[in-house]
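Below is one structure; the comments refer to it alone.
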Amino acid sequence: MAQLLIVYHSRTGGARQMAEAAAEAARAEADTILKPADQADPEDLLAADGYIFCAPENLAAISGLMKEFFDRCYYPVLGLIEGRPYAQMICAGSDGENAARQIARIATGWRLKEVQPPLIICTHAQTPEAIMAEKTIPDDQIETCREIGAALAAGLSLGVY
């Protein structure tokens with residue numbers, strides 16, 4: 001059975017909700033592993049057939065724990081996961097574009113195949129209080145996360161990728 005790995009980091013709950021929604025829908029289509037970034041390792045990447053990376057934007061970049069996941073795993077799997085499909089989801093307070101570019105550059109180095117444009121959900125959190133507050137992602141945007149998870153998992157199961 002095909003395996004989808006969803007790696008995420010979330011400090012205020014937004015990215016976690018997005019990753020959980022994708023995983024919930026993906027489980028109907030493929031074996032799906034949902035792992036926090038600080039618990040995911042190179043063996044998880046090697047065992048999976050495709051990936052969703054989900055992170056918050058912090059200071060116009062991916063969160064530090066998500067970056068640390070990529071730092072830890074990049075070289076141990078380099079040249080071993082080429083051609084595998086991936087998608088990414090960003091929970092942003094402003095635009096999220098730079099965080100998406102960072103993940104795309106890492107995925108390009110791994111020679112992964114982007115199968116979905118980055119999903120950026122903007123919470124518009126702009127004050128210290130709003131930035132640090134627990135996030136609630138609206139149902140329509142959670143549904144988009146579910147669709148991404150289901151589509152990527154179905155593609156893996158059907159051998160489309």
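Residues Gln17 and Ile142 meet the side-chain proximity criterion, which asks for heavy atoms closer than 4.5 Å. Residues Leu119 and Ile148 form a side-chain contact, since some pair of their non-hydrogen atoms from C-beta on lies under 4.5 Å apart. Inter-residue side-chain proximity for Glu97 and Glu57 is flagged as unmet; no heavy-atom pair is nearer than 4.5 Å. With a 4.5 Å cut-off on side-chain heavy atoms, Leu112 and Pro85 do not count as touching. The shortest distance between side-chain heavy atoms of Asp38 and Phe69 does not fall below 4.5 Å. Looking only at side-chain heavy atoms (C-beta outward), Arg84 and Lys113 stay at 4.5 Å or farther from each other. Within the 4.5 Å cutoff, side-chain heavy atoms of Met89 are placed close to those of Ile52. Side-chain contact check for Ile137 versus Ile121: some heavy-atom pair is nearer than 4.5 Å.
Scanning for salt bridge (charged side-chain N to carboxylate O under 4.0 Å, His left out) contacts around Arg16 gives Glu20, Glu134, with sequence neighbours left out. Under the rule for a ring-ring contact (aromatic ring centres under 6.0 Å, His included), Tyr161 has no partner lying at least two apart in sequence or in another chain. Every residue was checked against the ring-ring contact (aromatic ring centres under 6.0 Å, His included) condition with Tyr86, not counting sequence neighbours, and none meets it.
Within a 6.0 Å radius of CG in Asp140, other residues, nucleotides and ligands contribute more than 12 heavy atoms.
The backbone N or O of Arg111 lies less than 3.5 Å from no partner atom in the side chain of Glu82, so there is not a single donor-acceptor pair. A donor-acceptor pair is defined here as one N or O able to donate and one able to accept, closer than 3.5 Å; such a pair exists between the side chain of Ser157 and the backbone of Glu29. Gln88 places a side-chain N or O within donor-acceptor distance of the main-chain N or O of Ala100, the cut-off being under 3.5 Å.
Screening Asp49, Asp31, Thr32 for a side chain to side chain donor-acceptor pair (under 3.5 Å) involving Gln3 leaves a single residue, Asp31.
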Tyr8 and Phe53: ring pair (Phe, Tyr, Trp, His ring centres under 6.0 Å), yes or no, with the steps? CA-CA 6 Å; Tyr8 74 96; Phe53 304 114; over 10 Å; no
Kindly indicate, with the supporting measurements, whether the criterion salt bridge (charged side-chain N to carboxylate O under 4.0 Å, His left out) is fulfilled by Lys35 and Asp44. CA-CA 9 Å; Lys35 281 220 168 174; Asp44 295 312; 3.1 Å; yes
